[in-house]
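Notes to accompany the following structure.
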Amino acid sequence: MIDLATLRREREWFEERLRSRGSTLDLSRFDEIDTERRRRITEVEALKRKRNETSKEIGKRKAKGEDISAIASEMKKLSATIKELEEKVKELDQQLYDFLALIPNPPHESVPIGEGEEDNPVVRTWGAPREFDFEPKSHDELGRSLDILDFERASKLSGSRFVVYKGLGARLERALICFMLDLHTGKHGYTEVLPPVLVTSDTMYGSGQLPKFKDELYLCERDGLYLIPTAEVPLVNLHRDETLKEDQLPLYYTAYTPCFRREAGSHGKDVKGIIRQHQFNKVELVKFTTPESSYEELEKLLRDAEEVLQLLELPYRVVELCTGDLGFSAAKTYDIEVWVPSQNRYREISSCSNCEDFQARRAGIRYKPKEGGKSRYLHTLNGSGLAVGRTLLAILENYQQEDGSVVIPEALRQYMGTDKIAP
RNA sequence: GGAGAGGUGGCCGAGCGGCUGAAGGCACUCGCCUGCUAAGCGAGGAUACGGGAAGACCGUAUCGAGGGUUCGAAUCCCUCCCUCUCCGCCA
């Protein structure tokens, strides 16, 4: 959510920034609602003032035993008028909110201008794709031949875009989760959280999934609960409607959760293998910081996520999302992309964003500055650390041997209890 | 799911139709004071929105949420949500 006062004050800047994202929002509509709303508020508040004053007057007169029937019936009319006007104001409030809720976060000045994925500059590349002296198989082929991924039975259970992990496949997924959590809690100073995966609509609004991305979410209608598409949702909302103290900041949280996405708009995309699933596991990183330190913290968060791939010795690169490719709530985003041999390209495995105060404003998360004064909205950051299924996929493909077996990366062996998965 | 109790400011806790934005206490902030790891005295204070050059000032709203009754509601009525206790069910 962007700030109403700032939008009024810095109209041009907003329009320019939003245009850079490719947003085609018509702000003249905003002006209409805003002006009308303010007019009505002034109007109704003047009447309420009168009502309050008269009410007190009636109380006094009644105490003296005077007749109040005339003035009371006049008040009745006044109250009716107020009620009507209030309804109008309420309606305008809703319209204004609906409008603001659909405005994306304006990109940070440092974000490169561009229209889409192809305009994202590469920030750095780590490791080199392995040269295979045989034809590398895809992870789903490997998964089948090693009997660790079962797509057929998954579709029997749940339909398309689900997978059953089996044997050392399940073990590998679990090993990765433990490995990532241990790294982030042990070395990077994050607090581990195991949150609910079913949350209310308020929670979804708080982190920006609603109202815009309703179609992407699974909803349990009878209870009004949504399945989270990422642990970012419960983690960011952990401090919803709270005012923290500055010396509590920064807060670092990490959580492993399954994530649920309907993938409504991606029919036909990534249909093979486990790249794009309705349910997948992810270890998420979330930070609450002061506005002054959030960009520094973003770089650190990115490094924390990168370190997972470095320790697993998987080649990757970091790209910076251009204005046109930025997500709704983010002011700046880096994607980490891991090398996928069967596709001969890098694929997203993590997305690290600074949302600045966009989510904090929606969710009402503030902090009290050390030097005193008014509380301010803090900044929220989030990043995958990492998407577990995609990491597993990258391991299968990058570590495959000519005989069809897969070597377990050094860092995972203590979790796996074996150094390879053989057919 | 059944029965009961309850949700008031940062916290505790009064209020049960007008004089209550809300007693009192604690915590907090600022002065004063006491020469000592504490106490005393005085003062202050919430958030959002609207008007406004203004963090001045004025107004409106906010006592779990939403409706209703009333000239007027923290106070009365209805619905919902949440917490606690007991029972039932259950990993």
Side-chain angles (χ1 to χ4, degrees), chain A residues 1-10 30-101 194-206 210 219-226 234 237-249 258 291 357 360-378:
Chain A
M1 180 85 66
I2 60 166
D3 179 49
L4 185 56
T6 316
L7 176 59
R8 284 182 193 138
R9 206 174 46 236
E10 301 179 35
F30 161 78
D31 294 332
E32 260 173 57
I33 303 168
D34 189 44
T35 315
E36 172 76 358
R37 173 174 169 270
R38 291 207 263 182
R39 222 190 72 220
R40 294 292 186 177
I41 287 176
T42 312
E43 205 176 330
V44 75
E45 285 188 353
L47 295 180
K48 281 185 178 175
R49 176 183 192 171
K50 187 165 180 216
R51 181 178 66 182
N52 289 343
E53 283 169 352
T54 314
S55 245
K56 284 193 178 162
E57 187 60 31
I58 290 176
K60 280 183 201 153
R61 287 204 204 174
K62 215 176 164 185
K64 283 190 225 156
E66 292 174 24
D67 176 50
I68 54 138
S69 58
I71 189 165
S73 76
E74 206 173 300
M75 280 284 281
K76 196 161 191 166
K77 272 187 242 156
L78 181 63
S79 282
T81 312
I82 288 175
K83 203 169 171 184
E84 264 174 51
L85 278 172
E86 260 193 324
E87 247 150 66
K88 200 148 230 154
V89 170
K90 222 170 168 179
E91 205 178 289
L92 288 162
D93 273 342
Q94 188 60 45
Q95 282 181 28
L96 189 71
Y97 178 86
D98 290 347
F99 191 85
L100 289 179
L194 189 57
V197 299
L198 280 167
V199 299
T200 63
S201 59
D202 287 346
T203 301
M204 285 297 183
Y205 273 99
L210 285 177
L219 166 64
C220 302
E221 213 158 333
R222 14 173 15 177
D223 302 295
L225 292 171
Y226 292 85
N237 280 280
L238 226 42
H239 294 293
R240 175 151 50 94
D241 296 322
E242 288 183 26
T243 302
L244 306 170
K245 296 200 180 87
E246 182 169 351
D247 56 21
Q248 288 178 268
L249 303 178
D357 63 6
R361 184 171 293 108
R362 276 182 175 232
I365 314 170
R366 300 161 218 264
Y367 76 99
K368 200 113 192 132
K370 260 199 212 97
E371 64 276 11
K374 272 190 130 169
S375 0
R376 308 165 65 197
Y377 289 113
L378 47 72

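Within every chain, numbering begins at 1; the chains are lettered A, B, ... in the order of the sequence lines, protein sequences first and strands thereafter.
Applying the 6.0 Å contact sphere to CG of A:Leu194 captures no more than 12 heavy atoms from other residues, nucleotides or ligands.
Paired runs in RNA chain B that reach 3 or more consecutive Watson-Crick or G-U pairs, where each pair keeps both distances under 3.5 Å, cover B:1-7 with B:81-87, B:10-12 with B:24-26, B:28-32 with B:40-44, B:46-51 with B:57-62, B:64-68 with B:76-80.
A:Arg9 comes within contact range of no nucleotide atom at all, as no heavy-atom separation falls under 4.0 Å. Among the protein residues, A:Thr54 comes within range of no part of the nucleic acid, since none of its heavy atoms lies under 4.0 Å from any strand. Nucleic acid contact for A:Lys60: none, since no nucleic acid atom lies under 4.0 Å from a heavy atom of the residue. Among the protein residues, A:Arg366 comes within range of the sugar-phosphate backbone only, with heavy atoms under 4.0 Å from sugar or phosphate atoms but none that close to a base.
Applying the side chain to side chain donor-acceptor pair (under 3.5 Å) criterion to A:Gln94, with sequence neighbours excluded, gives A:Asp98. Remark: A:Glu53 pairs with A:Arg49 by the salt bridge (Lys or Arg N to Asp or Glu O under 4.0 Å) rule, at least two apart or across chains. A:Leu225 meets the side-chain contact (heavy atoms from CB on, under 4.5 Å) test with A:Leu198, A:Thr200, A:Asp223; sequence neighbours excluded. The side chain to side chain donor-acceptor pair (under 3.5 Å) check on A:Asp241 picks up nothing, with sequence neighbours excluded. Checked against side chain to side chain donor-acceptor pair (under 3.5 Å), A:Arg240 has the following partners two or more places apart in sequence or in another chain: A:Thr203, A:Asn237. In this structure, the salt bridge (Lys or Arg N to Asp or Glu O under 4.0 Å) partners of A:Glu32, at least two apart in sequence or on a different chain, are A:Arg29. Evaluation of the side chain to side chain donor-acceptor pair (under 3.5 Å) rule for A:Asn52 yields no partner, not counting sequence neighbours.
Among all heavy-atom pairs drawn from A:Gln95 and A:Ile33, the shortest one is OE1-CG1, 3.9 Å.
When each of A:Ile68 and A:Glu53 is assigned the nucleotide of RNA chain B bearing its nearest heavy atom, the one mapping closer to the 5' terminus is A:Glu53. Both A:Ile41 and A:Ala72 sit near RNA chain B, but only A:Ile41 has its closest nucleotide nearer the 5' end.
Residues in residues 63-81 of chain A take part in these side-chain hydrogen bond (donor to acceptor under 3.5 Å, both in side chains) pairs, two or more places apart or across chains: A:Asp67-A:Ser69. Each side-chain hydrogen bond (donor to acceptor under 3.5 Å, both in side chains) pair with one or both residues in residues 1-10 of chain A, not counting sequence neighbours, appears once here: A:Asp3-A:Thr6, A:Arg8-A:Asp34.
Nucleotides B:C33 and B:G42 have their C1' atoms positioned 10 Å apart, rounded to a whole Å. When the P atom is used for both B:G50 and B:G45, the distance is 24 Å, rounded to whole Å. For B:C90 and B:A48, the P atoms lie 50 Å apart once the distance is rounded to whole Å. B:A27 and B:G10: their C1' atoms are spaced 8 Å apart (whole Å). One P atom belongs to B:A74, the other to B:G9, and the distance between them is 14 Å to the nearest Å. When the P atom is used for both B:C76 and B:A3, the distance is 23 Å, rounded to whole Å. B:U70 and B:C77 have their P atoms separated by 16 Å, with the value rounded to a whole Å. Atom P of B:G55 sits at a distance of 12 Å from the matching atom of B:C49, rounded to the whole Å.
Judged purely by atom type and a 3.5 angstrom limit, A:Arg362 uses its side chain to pair as donor or acceptor with the backbone of A:Tyr205.
Within a heavy-atom distance below 4.0 Å of RNA chain B, the residues of residues 81-92 of chain A found are A:Lys83, A:Lys90.
Bracketed by its first and final contacts, the part of RNA chain B lying under 4.0 Å from non-hydrogen atoms of chain A reaches from B:G18 to B:G72 in 5' to 3' order.
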